[in-house]
Amino acid sequence: MSDVLAEEGSATRTVVATAPQRAGRALASRRALPAGLTALFAVLYAVLSVRRHERLLSMGFDLGIFEQAVKAYAHLHWPVVPLKGPGYDVLGDHFSPVVALLAPAYRLFPTPVTLLVAQAVLMALAVHPLTRWAQRLHGPRIGALVGCAVGCSWGIVKAASFDFHEIAFAVPLLAFAAEALGRRRWHAAVWWSVPLVLVKEDLGLTVAAVGAYIAWYGRRPRLGLPLAAFGLLATALEVLVVVPSFNPHGAFDYLSQVTPGSHGAAPLVTHLLWPPLKWLTLLMLVAPTGFLCLRAPLLWLCLPTLLWRFASDNPHYWGVSYHYSAVLMPIVFAAMLQRTPRLPRRRLRAGLSGAAAFACLMTVVYPLHEVVMPESWQTSAHVRTARALLALVPDGTTVAASDHLAAQLVSRTTVTLYCAAPTPTGPQWVVVDRTDPTVKSPCPADQMQHWLDTYARNGYRVRADRDGVILLERR
């Protein structure tokens with residue numbers, strides 16, 4: 001009898017002992033999916049951007065600019081950026097002190113690859129909270145689908161492949177803030193959104209939108225209204241006081257592009273909705289979610305960014321190129337997840353199928369597919385020639401370069417653009433790629449020969465001229 005009781009007691013202890021283990025394994029399994037997808041897209045983004053840099057597809061505007069700023073921070077200097085002009089403090093262009101966080105890593109690894117890898121990790125972090133939320137709502141299959149859709153979203157992929165930009169810090173902050181709002185974790189949303197004011201001056205408006213959301217939808221005016229006021233005040237101070245104090249012209253250079261008075265009230269409304277490229281941008285914002293994000297309250301958080309972009313006179317802000325839509329991607333996917341619990345099963349299934357199909361299409365259209373393309377892993381003869389000529393430029397010298405070559409030289413030289421206003425002494429070296437496709441700015445192609453002739457008249461001699469790349473040295 002005692003043996004039987006002993007066996008029963010042993011079995012009971014085994015069951016009790018294994019229950020926590022099962023709970024632990026279940027928790028680890030739930031955490032594995034968001035972490036795994038985040039790591040996967042971090043690697044994909046890093047491979048994509050680093051390989052593009054190695055193929056001379058990165059540019060002085062903007063990778064070189066940010067590297068010069070981070071390089072200065074790493075050596076405890078003010079972020080003076082010679083590519084923008086002599087003595088130009090980058091804080092007078094945009095208020096983005098957050099990039100100083102990369103200074104320690106750059107001091108250890110002084111290369112543009114440091115910035116590109118950091119951006120890849122930051123962008124990929126947006127996948128984590130949205131995958132986790134989707135998994136919590138609908139299980140691992142839909143969690144995986146949503147995580148992949150976020151990772152393949154055109155706005156994030158385009159930003160991850162296009163040099164480096166400060167909004168890399170905003171993308172994960174907005175993802176975590178939007179998830180917190182959707183799950184009604186109001187204090188967490190406040191803490192995730194506050195640092196946005198250090199990323200870029202316009203994001204204070206998004207912080208204000210988060211505060212308004214908490215006050216209205218969360219019915220927490222004592223929490224939301226101070227946050228809204230903080231965001232508005234931060235943007236006002238940065239645009240009207242801080243940036244002008246660092247700017248060589250004493251002003252915020254971009255304010256004139258988005259001033260409503262330049263259009264008038266009625267023309268401004270028309271300007272916000274025209275040309276049709278702006279409608280394409282709106283369509284491309286909601287399509288990645290299979291249109292499930294429509295009518296979700298969180299979608300209002302997109303409004304500040306869309307308003308300043310569409311109100312601008314700069315057509316680069318209106319469309320689906322460059323990096324400007326990356327900050328909107330986490331918001332639209334969070335809005336989708338906010339709506340899914342209320343949707344009929346058939347509507348949810350159709351919307352998620354549409355999101356999956358759109359993600360596959362964007363993988364083909366936008367650069368993420370380059371990681372598996374053979375030509376992405378080949379080095380052309382032109383690139384080899386350019387690198388050979390760049391190797392002739394000694395470390396620590398001053399160089400005037402064309403846009404795509406400038407990004408290759410920042411870590412070891414002081415770089416300006418070859419078409420910049422001449423200085424009394426001039427750079428020691430000039431290197432220009434006549435095949436550089438940057439034809440509109442910052443150095444128009446039709447002025448290239450004019451500048452080369454100018455350098456020749458000022459005593460520069462040709463050290464090498466091969467395959468469209470010319471290297472000049474000052475005598």
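For this chain, numbers begin at 1 and follow the sequence in order. What's counted below: heavy atoms across the whole structure, side chains too, no hydrogens, waters or symmetry copies.
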Between [X] and [Y], is any side-chain donor less than 3.5 angstrom from a side-chain acceptor?
X	Y	answer
N247	D253	yes
T435	D433	yes
W78	D89	no

Verdict with reasoning, E370 to R55, per salt bridge (charged side-chain N to carboxylate O under 4.0 Å, His left out): CA-CA 12 Å; E370 291 181 11; R55 294 160 58 207; 3.7 Å; yes
What's the spacing between [X] [atom1] and [Y] [atom2] if we round to 0.5 Å?
X	Y	atom1	atom2	result
W318	R309	CH2	CZ	11.5 Å
L173	W192	CG	CH2	7.0 Å
W191	L227	CH2	CG	10.5 Å
T305	Y317	OG1	OH	12.5 Å

Test item: [X] and [Y] side chains (from C-beta on) under 4.5 Å apart, heavy atoms:
X	Y	result
M284	W154	yes
L116	L63	yes
T131	V146	no
Q68	V415	yes
K200	F95	no
V70	L115	yes

Residue among Q408, R52, H404 satisfying side chain to side chain contact (heavy atoms under 4.5 Å, CB included) with S58: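 Testing each of Q408, R52, H404 against S58, the sole residue satisfying side chain to side chain contact (heavy atoms under 4.5 Å, CB included) is Q408.
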Salt bridge (charged side-chain N to carboxylate O under 4.0 Å, His left out) involving D62 - partner list, sequence neighbours excluded: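 Not a single residue meets the salt bridge (charged side-chain N to carboxylate O under 4.0 Å, His left out) criterion with D62.
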Plane angle bin for H165 and H323 - parallel if under 30°, tilted between 30 and 60°, otherwise perpendicular: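 Plane angle under 30°, so parallel.
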Aromatic plane relationship, H94 with Y254 - under 30° parallel, 30 to 60° tilted, over 60° perpendicular: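 It falls in the parallel class, under 30°.
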Specify the closest pair of heavy atoms between [X] and [Y], including all atoms of both residues, with the distance to one decimal.
X	Y	answer
D403	F61	OD1-N, 3.0 Å
Y213	W186	CE2-CZ3, 3.9 Å
R132	F176	NH2-CE2, 3.9 Å
L299	A335	N-CB, 3.9 Å
Y455	L472	CB-CD1, 3.8 Å
P79	Y73	CG-OH, 3.3 Å

Contacts of type side chain to side chain donor-acceptor pair (under 3.5 Å), residue T454, not counting sequence neighbours: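 For T454 the side chain to side chain donor-acceptor pair (under 3.5 Å) partners, ignoring immediate neighbours, are R457.
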Would the distance check show the side chain of [X] and the main-chain N or O of [Y] forming a donor-acceptor pair, the cut-off being under 3.5 Å?
X	Y	answer
Y322	K158	no
T397	V393	no
Q428	T398	yes
K278	W274	yes
H450	M448	no
S325	L328	no
R220	H187	no
T114	F109	yes
H369	T363	yes
S153	G155	no

Side chain to side chain contact (heavy atoms under 4.5 Å, CB included) assessment of L303 paired with T206: CA-CA 8 Å; L303 194 60; T206 302; over 6 Å; no
Residues forming a ring-ring contact (aromatic ring centres under 6.0 Å, His included) with F291, sequence neighbours excluded: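 Scan of F291 (ring-ring contact (aromatic ring centres under 6.0 Å, His included), adjacent residues dropped) gives none.
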Sulfur-sulfur distance C360/C152 under 2.5 Å: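 Answer is no: C152 does not pair with C360 in a disulfide.
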CZ (R434) with more than 12 external heavy atoms under 6.0 Å: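 More than 12 heavy atoms, drawn from other residues, nucleotides or ligands, come within 6.0 Å of this atom.
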